Amino acid sequence: MSELDIDRILSYGEKLADEVEVYMLDYTDISLEQREMAISSVFEHAGSSIYLRVVKDNRIGISGTSDAARWKDCVDVALSSAKLSEPVPGWAGFPAKAVLPEGQDPCDKNITVTPDLAAKYLDRMNAGAAKHPEARVVTGGVSLSTGNAVIANSNGVYYMRDMSGISLGMDAICDTSTGYDYDSSPFLDRIDPEKIGEETTFWATASRNGVDVETKKYDVVFSEHVVESLILDLFTEAVNGKNVLSGKSVFAGKLGEELLHPAISISDIPMDKQGSAWKRFDSEGTVTSDLSIVQDGVLSAFLYDAKIASQAKTTSTGHAHRSGNGATYIHPHCMRIAAPVSDVMDKPCLFVREVIGAHTANSLTGEFSVEVANAFFAESGKFVHPVKKAMISGNIFEILRGGVSISAETKTFEGAVVPKMRIESMQVIG
């Protein structure tokens, strides 16, 4: 769809609605999957998706189509949707055109959506897995994608972002122990497929013959995976403006209060060079900027998109992301946690690489009780004994109030750059 076509949609919609927004996504992707060591499937997709939002009498209507020729029908459906929706109290409008900050899009021109490139990275991952031959690779996969997104609205916004991506994942089994690893990035040179394969079979092999765990409190080190899926995920829910507005957040009404340890600060940095998003504007065209969420333990900000910010009588912080149905949801771009840095593995600890059941943690209270996976007793940075089976429980907000130390090395995830984290005296159930 050309700029002219988008102008036609905006012009048509403005005759019928108070505001119009067009979000268009063009994409090409391929996924290569293997079972055992044989390629089992190849999926290729290419196409366009158009999502329209209209505002009429402070009511927002949404519609989407993958058939660009039906854009007029799409506008009409969005208008019908608006009539059925509840008005947004305090609606302040879609973002207006603004000067974008300097920066690049998260796009690697070396990523080509071809079976040959996907197969090359799959072979490299298998070569890494072969370094621990006692483990058997069960599945593996590589996905490549390129595309661009356009956001335009009747307030003058017209921004485009180029994008690319590569993601790899593998799982393996050794006797009754399993291992899994994955990584993703917009850039090929940030991906190490041999390491992903080697880590996968290492965790499966090293986790065999686990020892029993005595029920008591231990000093625990969370891997980057656990910090991301348990600690930061629940923290993100607590600072989501939608949860704050509805009273579901434990942080609601506590801006300016010291809620975490004074040595802890948490921020969101959209253009962080180590991040994977690189957003100069969010998915509805609000310009992004660095946001301090917790400064020296004091809660200083929540995350908002345009709709929730209007309802909360504040302004968007530029944290709108686009879901599959065209609606927006609130999420950080590149969250960072700052805390005292140390060699978190230097002293004896229980190292937990994965947890099972992180999704069962209570986002309202922060309480969790999860099973550990690929866990080890460690001393002086070395794994001494694998753990057979254990549960850990606690409250992530109490953990962050009590103080933690973090590693200097980090791993990049979608939405965060994450360190390991050491927590003193955590309850472990054997």
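Every heavy atom of this structure was used, including side-chain atoms; hydrogens, water molecules and symmetry mates were not. Keep in mind it's a predicted model, so treat the numbers as computed, not measured.
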Under the criterion side-chain contact (heavy atoms from CB on, under 4.5 Å), I'd like the reasoning laid out for Ile392 against Val355: C-alpha separation, chi angles, the key distance, then a yes or no.
CA-CA 9 Å; Ile392 54 175; Val355 295; 4.2 Å; yes
Set out, in order, the CA-CA distance, both residues' side-chain angles and the distance that settles salt bridge (Lys or Arg N to Asp or Glu O under 4.0 Å) for Glu284 and Lys307, then state yes or no.
CA-CA 10 Å; Glu284 55 188 357; Lys307 178 181 176 181; over 6 Å; no
Is there a side-chain contact (heavy atoms from CB on, under 4.5 Å) between Ser292 and Ser300 once you walk through the steps?
CA-CA 7 Å; Ser292 173; Ser300 50; 3.5 Å; yes
Does the side-chain hydrogen bond (donor to acceptor under 3.5 Å, both in side chains) test come out yes or no for Thr328 and Asp305, once each step is laid out?
CA-CA 8 Å; Thr328 61; Asp305 62 4; 2.9 Å; yes
Step-by-step side-chain contact (heavy atoms from CB on, under 4.5 Å) determination, Ile330 to His321:
CA-CA 6 Å; Ile330 297 169; His321 293 251; over 6 Å; no
Test log, rule side-chain contact (heavy atoms from CB on, under 4.5 Å), inputs Val418 and Leu232
CA-CA 9 Å; Val418 184; Leu232 291 185; 3.9 Å; yes
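A donor atom on one side chain and an acceptor atom on the other are found under 3.5 Å apart for Ser143 and Ser31. At a cut-off of 3.5 Å, with distance as the only test, no side-chain donor of Asp108 or Ser164 sits close to an acceptor on the other residue. Under the 3.5 Å distance criterion, with hydrogens and angles disregarded, a donor-acceptor pair is assigned to the side chains of Ser323 and Asn325. At a cut-off of 3.5 Å, with distance as the only test, no side-chain donor of Glu367 or Asn362 sits close to an acceptor on the other residue.
Between the Ser184 side chain and the Ile166 main chain, no donor and acceptor come within less than 3.5 Å of each other. The backbone N or O of Asp26 lies less than 3.5 Å from no partner atom in the side chain of Ser48, so there is not a single donor-acceptor pair. Remark: side-chain polar atoms of Ser265 are not paired, donor with acceptor, to backbone N or O of Gln295 under 3.5 angstrom. At least one donor-acceptor pair under 3.5 Å links the side chain of Asp18 to the backbone N or O of Asp57. One N or O on the side chain of Asn395 and one on the backbone of Thr365 form a donor-acceptor pair closer than 3.5 Å. Remark: the backbone N or O of Ser425 is paired with a side-chain donor or acceptor of Asp219 at under 3.5 angstrom. Although no hydrogens or angles enter the test, the distance criterion places no donor-acceptor pair under 3.5 Å between the side chain of Ser11 and the main chain of Asp7. Between the side chain of His319 and the backbone N or O of Tyr304 there is no donor-acceptor pair closer than 3.5 Å.
For Tyr121, there are no ring pair (Phe, Tyr, Trp, His ring centres under 6.0 Å) partners at least two apart in sequence or on another chain. Applying the ring pair (Phe, Tyr, Trp, His ring centres under 6.0 Å) criterion to Phe202, with sequence neighbours excluded, gives His132. Partners of Phe383 according to the ring pair (Phe, Tyr, Trp, His ring centres under 6.0 Å) rule, which considers only residues two or more places apart in sequence or in another chain, are Trp203, Phe351, Phe376. For Thr288, the side-chain contact (heavy atoms from CB on, under 4.5 Å) test picks out Pro270, Lys279, Asp282, His333, with sequence neighbours left out. With sequence neighbours excluded, the residues satisfying side-chain contact (heavy atoms from CB on, under 4.5 Å) with Ala301 are Leu291. Residues forming a ring pair (Phe, Tyr, Trp, His ring centres under 6.0 Å) with Phe187 (at least two apart in sequence, or on another chain): Trp278.
Residues Ile399 and Phe368 meet the side-chain proximity criterion, which asks for heavy atoms closer than 4.5 Å. Proximity of Asp171 to Thr178: side-chain heavy atoms (C-beta onward) are nowhere separated by under 4.5 Å. Using a 4.5 Å heavy-atom cutoff, the side chains of Asn153 and Glu19 are not in contact. Looking at heavy atoms from C-beta onward, Leu303 lies in side-chain contact with Pro332 at the 4.5 angstrom threshold. Within the 4.5 Å cutoff, the side chain of Leu144 has heavy atoms near those of the Leu117 side chain. Side chains of Ile231 and Phe222 form a contact here, defined as non-hydrogen atoms less than 4.5 Å apart.
Looking at Arg53 and Glu21, a side-chain N of the basic residue comes within less than 4.0 Å of a carboxylate O on the acidic one, giving a salt bridge. The existence of a salt bridge linking Arg59 and Glu86 is excluded, since no basic side-chain nitrogen approaches an acidic carboxylate oxygen closer than 4.0 Å. The residues Arg280 and Asp105 are annotated as salt-bridged, a charged nitrogen and a carboxylate oxygen being separated by less than 4.0 angstrom. Between Arg35 and Glu33, none of the side-chain N atoms (NZ, or NE/NH1/NH2) sits under 4.0 Å from a carboxylate O, so this pair counts as no salt bridge. No salt bridge links Asp192 with Lys195; every basic N to acidic carboxylate O contact stays at or beyond 4.0 Å. Using a 4.0 Å cut-off between charged nitrogen and carboxylate oxygen, Asp346 and Arg422 do not count as a salt-bridge pair.
Here the two rings, on Phe235 and Phe397, have centers that are 6.0 Å apart or farther. Checked against a 6.0 Å centroid threshold, the rings of Tyr182 and His225 count as neighbours.
Across all non-hydrogen atoms, the minimal contact from Asp268 to Met335 is OD1-N, 3.3 Å. Counting all heavy atoms, side chain and backbone alike, Leu299 lies closest to Val239 at CD1-CG1, 4.2 Å. Contact between Arg190 and Asp183 at its shortest, heavy atoms only, is O-OD2, 4.2 Å. Listed here is the closest heavy atom pair of Gly366 and Leu234: CA-CD2, 3.7 Å. When every heavy atom of Pro95 is checked against every heavy atom of Val157, the shortest pair comes out as O-CG2, 3.5 Å. In terms of heavy-atom proximity, Ala390 sits nearest to Val213 at CB-CG2, 4.2 Å.
Under the 30°/60° scheme for interplanar angles, the aromatic rings of Phe43 and His45 are found to lie parallel.
Heavy-atom contacts from other residues, nucleotides or ligands closer than 6.0 Å to CD of Gln104 number 12 or fewer. With a 6.0 Å radius and a threshold of 12 heavy atoms from other residues, nucleotides or ligands, Lys347 has its NZ atom at or below the threshold.
For the pair Lys15 and Tyr12, the cation-pi test (distance below 6.0 Å, angle within 45°) is failed. A cation-pi arrangement, defined by a distance under 6.0 Å to the six-membered ring centre and an angle within 45 degrees of its axis, is absent between Lys97 and Tyr158.
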